[in-house]
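Below, all heavy atoms of this structure are taken into account, side chains as well, without hydrogens, waters or symmetry copies.
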Amino acid sequence: MKINGGSNVIVADNVITNCYDEAIDLLGIVNGQISHNSVSKVDSRTGAISVKGGSDRILIDANKISDITSDGVLVGGWTSPRMASRPGYEGFEARNVRVTGNLVQGVGKRAVNIMAAQRVDVSGNYLDVSPTYGAAIELGRNHPRAAVALYSSDVAIANNQFSRKAGRMRSMEGTGKVRFLNNRNGGRPALSAGARPVPLPFSR
């Protein structure tokens, strides 16, 4: 699912599997919600769930994400320098984003990747730490060929459960304020997430 430019967008209760690109990708969206989706087997170089391109006021909650080649959740990203941001939403890839209650397992790289995003809350998630990558959460910048370098700032990472202690977070030089509080390591996931069994409408 790719939705480029819009307001008041909800993507909820879908089962998405066997993707060669992002399963859900919001670009330039204001007031969006990605909730209770089950996403698996995503062979993408970026993220299974992605919000970027000047997106603002986004909730990503209660999704089940598993068996991902690269990242589980990508907040911000590398929007092509050839694409203009939505007027009035320049200066960031994503802003005012809450990532909560998600179950992220079996990722090739990062459970959550934050790139040129501002005011991000990552809380109450179960985040797998890839045994072959150096960090479960990473904070970085926008596209390296962008005219202006933009970095992540004002990020809160709190009350998450990591699958193991090693390599929980890595931050690029230039990143602004980050708070890392009350996170714990190990154990089985203490939450459930994913698509809810909602019957589809049927007309005779």
Exercise. Is there a donor in the side chain of Ser171 and an acceptor in the side chain of Thr175, or the other way round, less than 3.5 Å apart?
Worked result: yes
Exercise. When rounded to the nearest 0.5 angstrom, what distance separates OG in Ser50 from CD1 in Ile24?
Worked result: 10.5 Å
Exercise. Judged by atom type as modelled, is there a donor-acceptor pair below 3.5 Å linking the side chain of Ser38 to the main-chain atoms of Lys64?
Worked result: no
Exercise. Got a donor-acceptor contact below 3.5 angstrom from the Arg110 side chain to the Val129 backbone?
Worked result: no
Exercise. Does the pair Arg170/Glu138 count as a salt bridge with the N-to-O cut at 4.0 Å?
Worked result: yes
For this session: Decide whether Thr100 and Asp61 meet the rule of one side-chain donor and one side-chain acceptor closer than 3.5 Å.
Result: no
Problem set entry | Short side-chain donor-acceptor distance under 3.5 Å, Asn96 and Arg119 | yes
Exercise. Between the main-chain N or O of Leu74 and the side-chain N or O of Asn113, is there a donor-acceptor pair closer than 3.5 Å?
Worked result: no
Problem set entry | Full working for side chain to side chain contact (heavy atoms under 4.5 Å, CB included) between Phe162 and Met169 | CA-CA 11 Å; Phe162 291 90; Met169 189 180 77; over 6 Å; no
Exercise. Between Asn63 and Val39, does a side chain to side chain contact (heavy atoms under 4.5 Å, CB included) hold up when you go through it step by step?
Worked result: CA-CA 8 Å; Asn63 300 285; Val39 176; 5.9 Å; no
Exercise. Can you tell me if Gln33 uses its side chain to pair, donor with acceptor, with the backbone of Ile58 under 3.5 Å?
Worked result: no
For this session: Give a yes or no on whether the backbone of Leu139 and the side-chain of Ser152 come within a donor-acceptor separation of less than 3.5 Å.
Result: no
Exercise. Would you say the side-chain atoms of Asp121 pair up with the backbone N or O of Ala158, donor to acceptor, closer than 3.5 Å?
Worked result: no
Exercise. Between the side chains of Thr17 and Ser40, is a donor N or O closer than 3.5 angstrom to an acceptor N or O?
Worked result: yes
Exercise. Which pair of non-hydrogen atoms, one from Asn125 and one from Asn102, has the smallest distance, and what is that distance?
Worked result: OD1-N, 2.9 Å
Exercise. Got a second to check how far Arg164's CZ is from Leu127's CG, nearest 0.5 Å?
Worked result: 13.0 Å
Problem set entry | Arg57 and Val30: CA distance, side-chain angles, deciding distance, side chain to side chain contact (heavy atoms under 4.5 Å, CB included) verdict | CA-CA 6 Å; Arg57 301 196 301 276; Val30 176; 3.1 Å; yes
Problem set entry | Sequence-distant partners of Thr69, side chain to side chain contact (heavy atoms under 4.5 Å, CB included), two or more places apart | Asp43
Exercise. Under a 4.0 Å N-O cut-off, is there an ion pair linking Arg95 with Asp56?
Worked result: yes
Problem set entry | Test log, rule side chain to side chain contact (heavy atoms under 4.5 Å, CB included), inputs Met115 and Glu93 | CA-CA 7 Å; Met115 307 177 75; Glu93 283 282 350; 5.9 Å; no
Problem set entry | Rounded distance [0.5 Å steps], OG in Ser123 versus CG in Leu181 | 11.0 Å
Problem set entry | Side-chain donor or acceptor of Thr79 paired with backbone N/O of Gly53 under 3.5 Å | yes
For this session: For Ser44 and Tyr20, indicate whether the former's side chain and the latter's backbone hold a donor-acceptor pair under 3.5 Å.
Result: no
Exercise. To the nearest 0.5 Å, what is the distance between NZ (Lys41) and CD1 (Ile16)?
Worked result: 14.5 Å
For this session: For Asn183, enumerate each residue passing the side-chain hydrogen bond (donor to acceptor under 3.5 Å, both in side chains) test, keeping only those at least two apart in sequence or located in another chain.
Result: Asn160
For this session: Identify the heavy atoms of Pro189 and Gln105 that sit nearest to each other, and give their distance.
Result: CG-NE2, 3.8 Å
Exercise. Taking 4.0 angstrom as the limit, do Asp21 and Arg45 come out as a salt bridge?
Worked result: no
Exercise. So which heavy atom on Ser55 is nearest to which on Gly28, and how close?
Worked result: OG-N, 3.3 Å
For this session: Look only at the side chain of Asn142 and the backbone of Leu150, and say whether a donor-acceptor pair between them is shorter than 3.5 Å.
Result: yes
Problem set entry | From NZ (Lys109) to OG1 (Thr46), nearest 0.5 Å | 9.5 Å
For this session: First locate atom OG of Ser163, then atom CZ of Arg168, and finally report the distance between them rounded to the nearest 0.5 Å.
Result: 11.0 Å
Problem set entry | Test applied, side chain to side chain donor-acceptor pair (under 3.5 Å); reference residue, Asp154; option that passes from Lys177, Arg179, Gln118 | Arg179
